[in-house]
Asks: 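Have a look at the structure that comes next, please.
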Amino acid sequence: GRAVEQLNSSISVKLFNLSTIKLKNLFTIYDSRLTKKVFAFTLAETLIVMGVIGVVASLTLPNLNQSTNNKEKVAKLQKIYSNLNDAFGRATAVYGPMDEWCSGLTDANCKKRHFERVTEFMKYSKKCTVSDNCSLKFNTGSSGGNIMTYGVILADGTAININGFSSGAGSIMVDIDGLSKGKNYSCYDYFQFNYSQSRGGLYLDDISGESISVGYCSTCCAAWVIQTGNMDYLKCTGLKLGEKTTCK
């Protein structure tokens, strides 16, 4: 009986100590949660960070937007060049060589003939002739600009002016932004292609070794954009085909 009492007494002491330890630990944990410090940004610090982010964004976003806009122009001009090449190819397949299109016609009627035969194989939203009330001007930087006598407006607003001659040659002016938008200025959104029966239709100027810059010439910039796929002449100087073709 004495041994049993001692065993019970020992068990009771151990259980008491165990419960005491648990309660002590519990209060310690609870107390540490109450006294634990919480670290966070103050309102002033948050405003300073937001201000820095705003300054960085104001410096970088315009450049990003300009780069994106230029890439869109490059893609547009490349697509137009491809479509015009296709239109000239189809027109000559149906109507024969371009230098035979204007037999017996005046210069004015020859321009109209070139316009009609090329645009027959193009998709557009509106025709522009002298009587269509959309013979607006391409601003090439010179006084007066160029009258859009015969041309079309594409679905995306691009304006294309076609000037043909009895010799089977001519020029095509392209305003990427449309006649009433953008700078309407050479090498920004205004470009020009030439075509000739002797050259096999639409062709690009030979700009090898020439330094390309803003406003250099509308046919030179068109050739640059088609061949390099960029408009980096708007951002840096010293660009030459075959040497330095990008600002990077």
Side-chain angles (χ1 to χ4, degrees), residues 72-140 145-182 184 186-187 189-206 217-227 229:
E72 290 177 354
K73 289 179 180 179
V74 169
K76 266 189 178 183
L77 193 64
Q78 289 175 331
K79 183 178 180 181
I80 290 168
Y81 180 71
S82 176
N83 290 343
L84 285 170
N85 263 322
D86 181 67
F88 273 102
R90 290 172 180 268
T92 53
V94 173
Y95 296 107
M98 286 181 286
D99 53 8
E100 298 177 2
W101 288 1
C102 295
S103 178
L105 297 180
T106 63
D107 286 342
N109 288 332
C110 183
K111 289 179 182 291
K112 186 177 181 181
R113 174 67 60 81
H114 278 238
F115 164 71
E116 289 174 341
R117 290 189 172 180
V118 174
T119 56
E120 180 181 342
F121 302 97
M122 294 178 63
K123 292 182 179 180
Y124 54 87
S125 61
K126 185 177 183 179
K127 277 189 176 182
C128 285
T129 65
V130 176
S131 60
D132 289 326
N133 196 30
C134 61
S135 55
L136 304 178
K137 292 182 179 181
F138 288 93
N139 178 15
T140 61
N146 295 281
I147 300 296
M148 184 174 174
T149 308
Y150 292 107
V152 291
I153 306 295
L154 304 184
D156 61 6
T158 299
I160 298 177
N161 186 21
I162 300 175
N163 289 312
F165 305 100
S166 58
S167 61
S171 63
I172 297 179
M173 293 179 288
V174 178
D175 192 323
I176 297 295
D177 294 331
L179 296 173
S180 59
K181 296 180 181 179
N184 296 330
S186 179
C187 295
D189 51 5
Y190 167 83
F191 303 90
Q192 182 174 325
F193 298 115
N194 291 325
Y195 66 90
S196 169
Q197 177 63 39
S198 61
R199 299 286 294 269
L202 216 62
Y203 64 90
L204 300 174
D205 280 7
D206 182 8
C217 74
S218 53
T219 53
C220 299
C221 290
W224 176 271
V225 172
I226 297 301
Q227 294 179 79

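Computed over heavy atoms, backbone and side chain alike; hydrogens, waters and symmetry mates excluded. If you're wondering where the values come from, they're calculated on a predicted model, not measured in any experiment. One-based numbering along the sequence shown.
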Asks: How far does OG of S196 sit from CG of D99, to the nearest 0.5 angstrom?
Replies: 8.5 Å
Asks: Show your reasoning for whether side chain to side chain contact (heavy atoms under 4.5 Å, CB included) applies to L77 and F193.
Replies: CA-CA 11 Å; L77 193 64; F193 298 115; 3.9 Å; yes
Asks: Which pair of non-hydrogen atoms, one from M122 and one from A87, has the smallest distance, and what is that distance?
Replies: CG-CB, 3.7 Å
Asks: Please step through side chain to side chain contact (heavy atoms under 4.5 Å, CB included) for the pair Q197 and S167, ending with a clear verdict.
Replies: CA-CA 8 Å; Q197 177 63 39; S167 61; over 6 Å; no
Asks: Say you draw a straight line from NZ of K73 to CZ of F191; how long is it, rounded to the nearest 0.5 Å?
Replies: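 Here the rounded value is 7.0 Å.
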Asks: When you compare the side chain of Y190 with that of D177, does any pair of heavy atoms fall below 4.5 Å?
Replies: no
Asks: Which heavy atom of N194 sits nearest a heavy atom of D205, and at what distance?
Replies: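 Distance-wise, the nearest heavy atoms are ND2-OD1, 4.1 Å.
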Asks: Please list, chain by chain and in numerical order, all residues satisfying salt bridge (Lys or Arg N to Asp or Glu O under 4.0 Å) with R90, sequence neighbours excluded.
Replies: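 Applying salt bridge (Lys or Arg N to Asp or Glu O under 4.0 Å) to R90 gives D86.
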Asks: Closest heavy-atom contact between W101 and R113?
Replies: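 Closest approach of W101 to R113: O-NH1, 2.7 Å.
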Asks: Let me see the working for Y150 and V118 under side chain to side chain contact (heavy atoms under 4.5 Å, CB included), right down to the final yes or no.
Replies: CA-CA 11 Å; Y150 292 107; V118 174; over 6 Å; no
Asks: Nearest 0.5 Å, please: how far is CG in D206 from SG in C220?
Replies: 9.5 Å
Asks: Checking I153 against Y124 for the side chain to side chain contact (heavy atoms under 4.5 Å, CB included) test, could you report, in this order, the C-alpha distance in whole Å, the side-chain angles of both residues, the deciding distance, and whether it holds?
Replies: CA-CA 6 Å; I153 306 295; Y124 54 87; over 6 Å; no
Asks: Is the backbone of F88 close enough, under 3.5 Å, to the side chain of T92 for a donor and an acceptor to pair up by distance?
Replies: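 It does hold such a pair.
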Asks: Search all heavy atoms of S166 against all heavy atoms of C102 and return the closest pair with its distance.
Replies: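 Heavy atoms only, the tightest pair is CA-CB, 3.9 Å.
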Asks: Are the side chains of N163 and M173 in touch, meaning some heavy atoms are under 4.5 Å apart?
Replies: yes
Asks: So which heavy atom on L204 is nearest to which on R199, and how close?
Replies: O-NH2, 4.1 Å
Asks: Using 0.5 Å steps for rounding, measure from the OG1 atom of T158 to the CG atom of N83.
Replies: 10.5 Å
Asks: L154 versus I80: any side-chain heavy-atom pair under 4.5 Å?
Replies: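 In contact.
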Asks: Would Y95 and E120 count as having a side-chain donor-acceptor pair, cut-off 3.5 Å?
Replies: yes
Asks: Taking all heavy atoms of Q78 and all of I226, pick out the closest pair and write down the distance.
Replies: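 Smallest interatomic distance, heavy atoms only, reads CA-CD1, 3.7 Å.
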